[in-house]
Amino acid sequence: GLHKLKLLFDKHAFWAAGREIRTLRQILSNSTVVISLWRGKRMVGFGRATSDGISRAVLWDIVVAGDLQGRGLGRKVVDALLNSRSIRNVERIYLMTTNSGEFYEQLGFIQPPQQTMLLHQKSL
């Protein structure tokens, strides 16, 4: 599954392209919820979340293969994450997106007023 996830990221997720297998293994082991969608032996969708289970959760790395977008698969991934036992009662669920804001707004996400996202990035 890790090799299939790497392939999905490399082909369809510019923000996750190039992640190494060992990095993916660690990311998955530190996630609260992991969802994957398959068509036969091909991974076609993925998403994950981290959470404290009470006040906050963050959705991460939601991706659907480009040739299958527009068929409701992204909605299935997000719905599965939001309805998972570890996330469904959390007060606030965050996600960050570069160019899919309209998609997430259709699913009930909003751009909250008076909140600012800040980033602290390690130098590479």
Side-chain angles (χ1 to χ4, degrees):
L2 289 171
H3 292 281
K4 304 281 181 157
L5 178 58
K6 179 170 176 38
L7 183 61
L8 182 68
F9 280 166
D10 287 348
K11 283 189 166 186
H12 304 285
F14 68 88
W15 70 92
R19 288 183 181 167
E20 297 180 12
I21 294 294
R22 64 182 166 83
T23 301
L24 294 175
R25 184 177 290 115
Q26 187 171 2
I27 286 170
L28 294 177
S29 69
N30 289 322
S31 296
T32 308
V33 181
V34 175
I35 301 295
S36 60
L37 298 179
W38 295 78
R39 177 177 272 180
K41 294 183 178 186
R42 179 184 176 206
M43 184 183 294
V44 297
F46 177 85
R48 65 187 186 92
T50 54
S51 179
D52 60 20
I54 297 169
S55 63
R56 301 291 184 266
V58 181
L59 305 189
W60 303 100
D61 296 331
I62 298 168
V63 61
V64 171
D67 59 313
L68 296 173
Q69 290 180 2
R71 299 181 185 192
L73 299 178
R75 178 180 293 274
K76 285 184 186 220
V77 171
V78 173
D79 285 346
L81 290 167
L82 295 177
N83 291 308
S84 68
R85 189 171 24 129
S86 303
I87 304 294
R88 68 176 159 238
N89 294 319
V90 171
E91 293 172 8
R92 285 191 177 201
I93 301 170
Y94 295 92
L95 68 84
M96 291 161 275
T97 184
T98 303
N99 53 18
S100 298
E102 290 180 11
F103 168 73
Y104 293 109
E105 287 173 356
Q106 293 174 21
L107 302 179
F109 287 86
I110 62 166
Q111 292 185 19
Q114 301 178 5
Q115 257 192 336
T116 303
M117 186 186 93
L118 303 172
L119 175 67
H120 183 272
Q121 188 169 343
K122 285 177 67 173
S123 299
L124 299 177

Rounded distance (nearest 0.5 Å) linking atom OG1 of Thr50 with atom CG of Asn30: 9.5 Å

Same cluster (ILVMFWY, side-chain, under 4.5 Å), Ile35 and Tyr104: yes

Transitive ILVMFWY side-chain link Val90 to Trp60, under 4.5 Å: no

hydrophobic_cluster_shared for Leu28 and Leu37, side chain cutoff 4.5 Å: no

Within one Ile-Leu-Val-Met-Phe-Trp-Tyr cluster: Val77 and Ile93, side-chain cutoff 4.5 Å: yes

Residues, nucleotides or ligands: over 12 heavy atoms within 6.0 Å of Glu105 CD: yes

Intermediate values then yes/no, side-chain contact (heavy atoms from CB on, under 4.5 Å), Leu119 and Met96: CA-CA 12 Å; Leu119 175 67; Met96 291 161 275; over 6 Å; no

Phe46 side, atom CZ; Leu5 side, atom CG - distance, nearest 0.5 Å: 5.0 Å

Smallest separation among heavy atoms of Asp10 and Gly18, with atom names: OD1-N, 2.7 Å

Flag, side chain of His12 to backbone of Val64, donor-acceptor distance under 3.5 Å: no

Residues, nucleotides or ligands: over 12 heavy atoms within 6.0 Å of Arg88 CZ: yes

Distance (rounded to the nearest 0.5 Å) between Ile87 CD1 and Leu59 CG: 7.0 Å

Single-linkage hydrophobic cluster Val63~Val34, side-chain heavy atoms < 4.5 angstrom: yes

Student check: side-chain heavy atoms of Leu81 and Ile62 closer than 4.5 Å: yes

Atom pair CG (Leu95) and CZ (Phe109), whose distance is rounded to the nearest 0.5 Å: 4.5 Å

Approximate separation, where rounding is to 0.5 Å, of Thr97 OG1 and Asn99 CG: 5.5 Å

Donor-acceptor contact present, side-chain Lys6 to main-chain Glu20, <3.5 Å: no

For Leu2 against Arg25, the heavy-atom pair lying closest together: CD1-NH2, 3.5 Å

From CA spacing to verdict: salt bridge (Lys or Arg N to Asp or Glu O under 4.0 Å), Asp52, Arg56: CA-CA 6 Å; Asp52 60 20; Arg56 301 291 184 266; over 6 Å; no

Pairwise side-chain contact, Thr98 with Phe14, heavy-atom cut-off 4.5 Å (strictly under): yes

Derivation and outcome, salt bridge (Lys or Arg N to Asp or Glu O under 4.0 Å), residues Arg42 and Asp67: CA-CA 12 Å; Arg42 179 184 176 206; Asp67 59 313; 2.7 Å; yes

Side-chain heavy atoms of Leu7 within contact of Met43, under 4.5 Å: no

Enclosure of Gln111 CD (heavy-atom neighbours >12, cutoff 6.0 Å): no

For Val33 against Ser84, the heavy-atom pair lying closest together: CG2-OG, 3.3 Å

Full working for side-chain contact (heavy atoms from CB on, under 4.5 Å) between Tyr94 and Gln115: CA-CA 12 Å; Tyr94 295 92; Gln115 257 192 336; 3.3 Å; yes

Taking every non-hydrogen atom, the tightest pair across Gly53 and Ser51: N-OG, 2.8 Å

Heavy-atom closest contact (Lys41 atom, Lys4 atom, distance): O-NZ, 2.8 Å

Gap between atom CG of Leu82 and atom CG of Leu107 - 0.5 Å precision: 8.0 Å

